[in-house]
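Down below is the structure, laid out as structure tokens.
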Amino acid sequence: YVLEGYNPMFKKDLEDNEENITSTEDDDIIEIERIEGIRPECGPGAELYLEPYVEPFRISRRSIMEYLRCSSPENLKTFKASGDSMEDKISDGDWLLVDLGRRDASVSGVYIFIANGKCRCKRLNMTLDGRLEVKSDNPKYGMEIVGPDDNIEIEIIGRVLNNLSRGL
């Protein structure tokens, strides 16, 4: 539903809303959809029980273009993280800027993804033999390995570009 822009769980389909990002009169400030009610878990994963809704988050277009490498400003969303397994980079309650256009785990980085129905936020790294390493930044949590023959369905939502709670 986050990727496609609609889901019956949403109070109002995103397709019925204005463009995901709209410019203001001065064309420097843009609005990015802030997805409320879905908190990617920096831990074992969060069940998707809550009814998500969308609120605007405003940021300078110049800041995005100068400091971030995103697929397109239209693919940017923000999510609030949950849990402590990505400490010191991501804390519980931090707002994450996510590029929904970057869904290729062959490029190592921090991603929001759904694994067997649970929304997670972890560092992903594809190994040469086709296995996926799922890592926490917090050393008290271990690494998980997902092999091509494992019965684990993973759908990458997008790559985390920045922790907005710690400054752009």
Practice problem: Look at the side-chain heavy atoms of Ile, Leu, Val, Met, Phe, Trp and Tyr, link any pair under 4.5 Å apart, and say whether M143 and I152 land in one connected group. | Solution: no

Quiz item: How far does CD1 of I157 sit from SG of C121, to the nearest 0.5 angstrom?
Solution: 11.5 Å

Exercise. Kindly say whether N138 contributes a backbone atom to a donor-acceptor pair with the side chain of S85 at under 3.5 angstrom?
Key: no

Exercise. Mind checking the CG-SG spacing from D99 to C70? Nearest 0.5 Å is all I need.
Key: 5.5 Å

Practice problem: Would you mind checking if K140 and D84 are paired as a salt bridge, meaning a charged N to carboxylate O distance below 4.0 Å? | Solution: yes

Self-check item: Donor-acceptor contact present, side-chain N116 to main-chain E153, <3.5 Å
Solution: yes

Quiz item: Does CG belonging to D129 count more than 12 external heavy atoms closer than 6.0 Å?
Solution: yes

Exercise. Grab the two heavy atoms, one from S136 and one from G142, that are nearest each other, plus how far apart they are.
Key: OG-O, 4.4 Å

Quiz item: Got a second to check how far K89's NZ is from L96's CG, nearest 0.5 Å?
Solution: 13.5 Å

Quiz prompt | Non-hydrogen side-chain atoms of L161 and R102 separated by less than 4.5 Å | solution = yes

Quiz prompt | Check: G158 main-chain N/O paired with R103 side-chain donor or acceptor under 3.5 Å | solution = no

Practice problem: Measure the spacing between CD of E87 and OH of Y141 and express it to the nearest 0.5 Å. | Solution: 9.0 Å

Self-check item: Close side-chain approach of L164 to T78, heavy-atom, < 4.5 Å
Solution: yes

Quiz item: Would you call L76 and V98 a side-chain contact if the rule is heavy atoms closer than 4.5 Å?
Solution: no

Quiz item: Should L97 and I32 be marked as a side chain to side chain contact (heavy atoms under 4.5 Å, CB included) after you check the CA-CA gap, both sets of side-chain angles, and the distance that decides it?
Solution: CA-CA 9 Å; L97 184 63; I32 300 172; 4.0 Å; yes

Quiz item: Heavy-atom distance under 4.5 Å between the side chains of M126 and S108, does that happen here?
Solution: no

Quiz item: Run the side chain to side chain contact (heavy atoms under 4.5 Å, CB included) check on S91 and R166 step by step: do they pass?
Solution: CA-CA 10 Å; S91 298; R166 300 192 181 206; 2.6 Å; yes

Self-check item: L132 side chain reached by I154 side chain, heavy atoms, under 4.5 Å
Solution: yes

Practice problem: Work out which heavy atom in D104 is nearest to a heavy atom in Y111; give both atom names and the distance. | Solution: O-OH, 2.9 Å

Quiz prompt | Reported NZ-to-NZ distance for the pair K122 and K135, which is rounded to 0.5 angstrom | solution = 12.5 Å

Self-check item: I112 side chain near R120 side chain, heavy-atom distance below 4.5 Å
Solution: no

Exercise. Considering only NZ, NE, NH1 and NH2 on the basic side and carboxylate oxygens on the acidic side, decide whether R123 and D137 come within less than 4.0 Å.
Key: yes

Practice problem: Nearest 0.5 Å please: distance from the CG atom of D150 over to the CZ atom of R131. | Solution: 9.5 Å

Quiz item: Is there a side-chain contact between F113 and L124 (heavy atoms, below 4.5 Å)?
Solution: yes

Quiz item: So, do R159 and V107 sit near enough that their side-chain heavy atoms are less than 4.5 Å apart?
Solution: yes

